[in-house]
2 protein chains.
Amino acid sequence: MLPESWLEPEKNNAPLIPQLTLDCIILGFHNNQLRVLLLRWKNTQEWSLPGGPIRQNESVNAAAQRILQERTGLDDIFLQQFHVFGEVERYSRAEIQEKLKLIFDPELWYERAVSIGYYALVDYSRVNPTPDAYTDECQWWDIREIPFLLFDHNHIIQVALQALRNQLSWQPIGYNLLPHEFTLPELQKLYETILDRKLDPRNFQRKLLGLGILERLPIRRKGGAHKSPYLYRFDKAKYEAGLKEGNLFFI
Amino acid sequence: MLPESWLEPEKNNAPLIPQLTLDCIILGFHNNQLRVLLLRWKNTQEWSLPGGPIRQNESVNAAAQRILQERTGLDDIFLQQFHVFGEVERYSRAEIQEKLKLIFDPELWYERAVSIGYYALVDYSRVNPTPDAYTDECQWWDIREIPFLLFDHNHIIQVALQALRNQLSWQPIGYNLLPHEFTLPELQKLYETILDRKLDPRNFQRKLLGLGILERLPIRRKGGAHKSPYLYRFDKAKYEAGLKEGNLFFI
DNA sequence: CCAAAAGTGTTGCCTCTACACCCATGC
DNA sequence: GCATGGGTGTAGAGGCAACACTTTTGG
């Protein structure tokens, strides 16, 4: 039975804040799919989000960065607090209780916890998915094919996606989800996936280029069996300046 | 020295979640001023936001409603989670430490806490400001004249106001901040105060009435020394339908 | 009668959307 | 050479901001 060791995690004796955890929705984009990183608990077929408790000597944001670093190998990731899940009985549905009993010792664990939800946007190609001490497997799942998860994690993912769609109006999130160099059709497909609707390519290009934060590179991407698209990258300085002034609307 | 009693609040023995608190920015609108409710600690001149710990048997949202009810006498208030303040050293600035030493016994209290920030929008005229067991006074302050507060509460207020301005684009917040019946000039002044800029009265009326959620009453407000304005009220059904469909933009 | 606030329409600009054809590439 | 996806311009509609005068009221 696992979570007792959360009380003293290996390799770090810093005590933990009790009854407070965080959950991370780590999102990547690959093959025109929005994907989320999930963990499979040891010796079970049960999946859940990465997450865990917060140490007394780290900020909540730092705890989220740490969990992300441990599961993906990446530092300095885009992270966004989006909601606090503070219901008293977050996992009281009978079918969840059944599953939890198989994994956890209720004595040790059935204490209420408040969880802070973060979503992270990462470059899929740079992630090295790594399970933790309690899980056998760490894997990407297409956001449309997520299985029934432990705890209230299916709900948490839905709330995160809604927050992400909202954020898309204020901030070009492709910056975080795509590799440094990408094509406009790739960026458009990312937007279409998140918003779950088709966009007109002419209008899309006009709008995105109009933000003035993309730089067209003097090369094209070869290798597709078709006309080769231009490569672009974000102009970091202009992107950040635009963010500060709140000029990067989309809708 | 006070906060030891937070460990067992009077009139309720439900145990508390340790190291987790919430802070409420309670906002009202009066005399063309946006005002926030602050508390003055017993036998001091030090002010802070209402807030406190969460009980084991209540949800975080319910705790916020409870705190609000206790300070204002109002039930069923518009409340919005807006940020989690999770730094390790939230009150480490020297000038704050000095003040805190005068009020609290450091032995009992200098434990780290994570705080969940809520803002509440209330009808000023219905509020009955009530101090709690640790404070002498509960009073409205003009948002532009807030004194130096305990803890990191000045910072929390700034973050709340920014979140409120964002929310204004998506949701007509006058619904919560004004009495049931109000005039369009009053509503406009509320918007001008929150956004901190002048708006054109013709454009403002067109836009707000265009949302289709206001109902003009067959009476005017008498008593001003000038032309009497029409009274309006929100059409609750249309307001809520519009919210669901996300049609109530402002910007 | 005067001062102060409330109420109201129009115009130009700019932004958004809708829409279709040619081009480049690898096979 | 052909199938596939990439790249591009224009026209119409709708929304937004700028703008000033008349009406009402109490004093």
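Note on naming: letters A, B, ... go to the chains in the order of the sequence lines (proteins, then strands), and numbering restarts at 1 for each one.
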Is the distance between the ring centroids of [X] and [Y] less than 6.0 Å?
X	Y	value
B/W41	B/W47	no
A/F234	A/H180	no
A/F204	A/Y191	yes

- Query: Distance only, no hydrogens: is a donor on one side chain within 3.5 Å (strictly under) of an acceptor on the other, for B/N61 and B/S59?
  - Reply: no
- Query: Side chains of B/E192 and B/Q188: is there a donor and an acceptor less than 3.5 Å apart?
  - Reply: yes
Contact list for DNA chain C against [range] - heavy-atom distance below 4.0 Å:
range	value
residues 220-233 of chain B	B/H226, B/K227, B/P229, B/Y230
residues 188-203 of chain B	B/R202
residues 179-186 of chain B	B/P185

- Item | B/R165 atom CZ: more than 12 heavy-atom contacts under 6.0 Å | yes
- Would you indicate whether A/H30, at its atom NE2, is surrounded by more than 12 heavy atoms from other residues, nucleotides or ligands within a distance under 6.0 Å? yes
- Query: Does any pair with a residue in residues 204-220 of chain B pass salt bridge (Lys or Arg N to Asp or Glu O under 4.0 Å), and if so which ones, sequence neighbours excluded?
  - Reply: B/E215-B/R233
Identify all pairs in which a protein N or O lies below 3.5 Å from an N or O of nucleotides 12-15 of chain D, and state each distance.
none

Whole-Å distance between [N] [atom2] and [X] [atom1]?
X	N	atom1	atom2	value
A/L214	D/dG7	CG	P	13 Å
A/K207	D/dT8	NZ	P	18 Å
A/R216	D/dG7	CZ	P	7 Å

Excluding sequence neighbours, so at least two apart, what forms side chain to side chain donor-acceptor pair (under 3.5 Å) with [X]?
X	result
A/R144	A/D142
B/E181	none
A/T183	none

- Task: Using salt bridge (Lys or Arg N to Asp or Glu O under 4.0 Å) as the criterion, list what pairs up with B/E87, not counting sequence neighbours.
- Result: none
- Query: Which residues satisfy the ring-ring contact (aromatic ring centres under 6.0 Å, His included) test with A/F148, sequence neighbours excluded?
  - Reply: none
- Query: What do the steps show when you test A/E186 against A/R221 for salt bridge (charged side-chain N to carboxylate O under 4.0 Å, His left out), and what is the final call?
  - Reply: CA-CA 12 Å; A/E186 283 166 357; A/R221 167 160 299 164; 2.4 Å; yes
Acceptor/donor pairs from residues 238-245 of chain A side chains to any protein atom, 3.5 angstrom cut, sequence neighbours excluded:
residue	atom	partner	partner atom	Å
A/Y239	OH	A/Q171	NE2	3.4
A/E245	OE1	A/N247	ND2	3.1

Mind listing the N/O atom pairs, protein and nucleotides 11-14 of chain C, below 3.5 Å?
none

